[in-house]
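Please read the structure below before turning to the comments.
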Amino acid sequence: MSRILDGKAVAASVKEKVGAGVAELKEEGISVGLAVILVGDDPASKIYVENKKKACEAVGIKSFQYVLDKSTSEGELLSLISDLNGEKSVNGILCQLPLPEHIDEQKVIAAISPEKDVDAFNISNVGRIMIGNFDFLPCTPAGIIEILDNYNIDIEGKNCVVIGRSNIVGKPMAMLLMHRNGTVTVCHSKTKNLAEITSKADILVSSVGKANFVTADMVKEGAVVIDVGMNRVGGKLYGDVCFDEVANKASYITPVPGGVGPMTISMLMKNTLTAAKRQNGR
Ligand code: NAP
């Protein structure tokens, strides 16, 4: 039976450190602020935004919420972002994705000033991640590295397989594992013989978005299995991994909920503190 990687506990310790950092800045008269923009009324997005607000409150970051009607035009959204780019009390700006279809997501991401881009989705931050010279890392992959570090799981020289190649999870995950000297393979929907590849992984990260996708026969005995998936089936949350059968084979595994999910928000808090420090010459 594998050991559970307790993302909730690791996230709590990250938040505690962020809280201390925010308090230190406050003593110097510097407050830390995060602007969160939500366009439309997607129920999952509403929950994520609410959770971000609560996390801000818990660590002493001031949160500025902008809830815009789904009919908001691209121009109006870009104008709000431009205002927030110039607003000194706002250190980080996050626009909750997905956006309504009439708004070009890439245009919006590009409009956020790189210094305030705490999601690290802006092309200049993505480029900096590529060359390994970064202030911010995308929250979910950074949270996964934090979990691995916390449990002293060495990445160097390991066969790392990432399933999924999205810009927000799969690609940056592969990059971060590579920076840590892992030997990385990225799989996607066109990959042939997926199980053959995944069953050679010492560290397997699944970010597919399909419940019960990773079965025990796809996993190497003793592998570390990281489940990024958040799949709602009949109102219940499932990861990508068939937890019970894979847990019997893996050495370590993240549960869903309580694994990668809590890390994402705590890394957002960490990025916001970093942004505030940089903007104040710290
Ligand atoms: P996404 O953009 O839909 O990407 C899914 C990836 O899976 C794509 O690269 C796709 O390949 C690949 N894929 C789909 N079917 C496959 C198959 N049969 N075999 C191999 N690969 C396959 O999703 P995402 O935004 O990366 O998110 C993935 C999951 O993580 C979702 O459940 C999401 O809710 C969750 N998530 C969780 C957190 C968290 O904080 N825990 C954060 C972000 C996302 P193609 O590129 O070929 O289409």
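Throughout, numbering of the chain's residues begins at 1 and tracks the sequence. Values in this document were obtained by computation on a predicted structure and should not be read as measured data. Ligands are counted one by one from 1 in listed order, and the atoms in each one are counted from 1 as well.
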* Hey, does K62 have a side-chain heavy atom less than 4.5 Å from the side chain of L34? -> no
* **Side-chain heavy atoms of I93 within contact of N85, under 4.5 Å** => yes
* **Any residue meeting side chain to side chain contact (heavy atoms under 4.5 Å, CB included) with N181, in chain and number order, not counting sequence neighbours** => E156
For [X], counting its heavy atoms only, list the atoms of ligand 1 lying under 4.0 Å from any of them.
X: F213; answer: 17 (C), 18 (N), 19 (N)
X: G164; answer: 6 (C), 7 (O), 9 (O)
X: G261; answer: 40 (O), 41 (N)
X: N231; answer: 32 (O)
X: I163; answer: 20 (C), 21 (N)
X: T264; answer: 39 (C), 40 (O)

* Aromatic plane relationship, Y252 with Y151 - under 30° parallel, 30 to 60° tilted, over 60° perpendicular -> perpendicular
* Kindly work out whether a path of hydrophobic side-chain contacts (I/L/V/M/F/W/Y, heavy atoms less than 4.5 Å apart) joins M267 to M173. => yes
* **T191 to ligand 1, any heavy atom closer than 4.0 Å** => no
* Are any of the heavy atoms in G229 under 4.0 Å away from ligand 1? -> yes
* To do: Indicate whether the side chain of K88 and that of Q279 have a donor and an acceptor atom separated by less than 3.5 Å.
  => no
Side chains of residues 187-197: which donor-acceptor pairs under 3.5 Å do they make with residues two or more places apart or in other chains?
residue : atom : partner : partner atom : Å
H188    : ND1  : K190    : N            : 3.2
T191    : OG1  : H188    : N            : 2.7
T191    : OG1  : H188    : O            : 3.1

Protein heavy atom at shortest distance from [atom]:
atom: atom 24 (P) of ligand 1; value: S166 OG, 3.7 Å
atom: atom 36 (N) of ligand 1; value: V228 O, 3.6 Å
atom: atom 25 (O) of ligand 1; value: I168 CD1, 3.7 Å
atom: atom 44 (C) of ligand 1; value: V169 CG2, 3.9 Å
atom: atom 42 (C) of ligand 1; value: T140 OG1, 3.3 Å
atom: atom 20 (C) of ligand 1; value: H188 O, 3.1 Å
atom: atom 28 (C) of ligand 1; value: S207 O, 3.5 Å
atom: atom 11 (O) of ligand 1; value: S189 N, 3.2 Å

* To do: With heavy atoms under 4.0 Å as the rule, classify the contact between D240 and ligand 1 as side chain, backbone, both or neither.
  => neither
* To do: Ignoring hydrogens, just give me the one of R165, M263, R232, M230 whose non-hydrogen atom is nearest atom 32 (O) of ligand 1.
  => M230
* Is there a donor-acceptor pair under 3.5 Å between the side chain of D42 and the backbone N or O of P98? -> no
* Determine, stepwise, if the pair D117 / R128 fulfils salt bridge (charged side-chain N to carboxylate O under 4.0 Å, His left out). => CA-CA 13 Å; D117 170 38; R128 289 185 64 186; over 6 Å; no
* To do: Run the salt-bridge test on D202 and K220 with the 4.0 Å N-O cut-off and return the result as yes or no.
  => yes
* Under a 4.0 Å N-O cut-off, is there an ion pair linking R278 with D135? -> yes
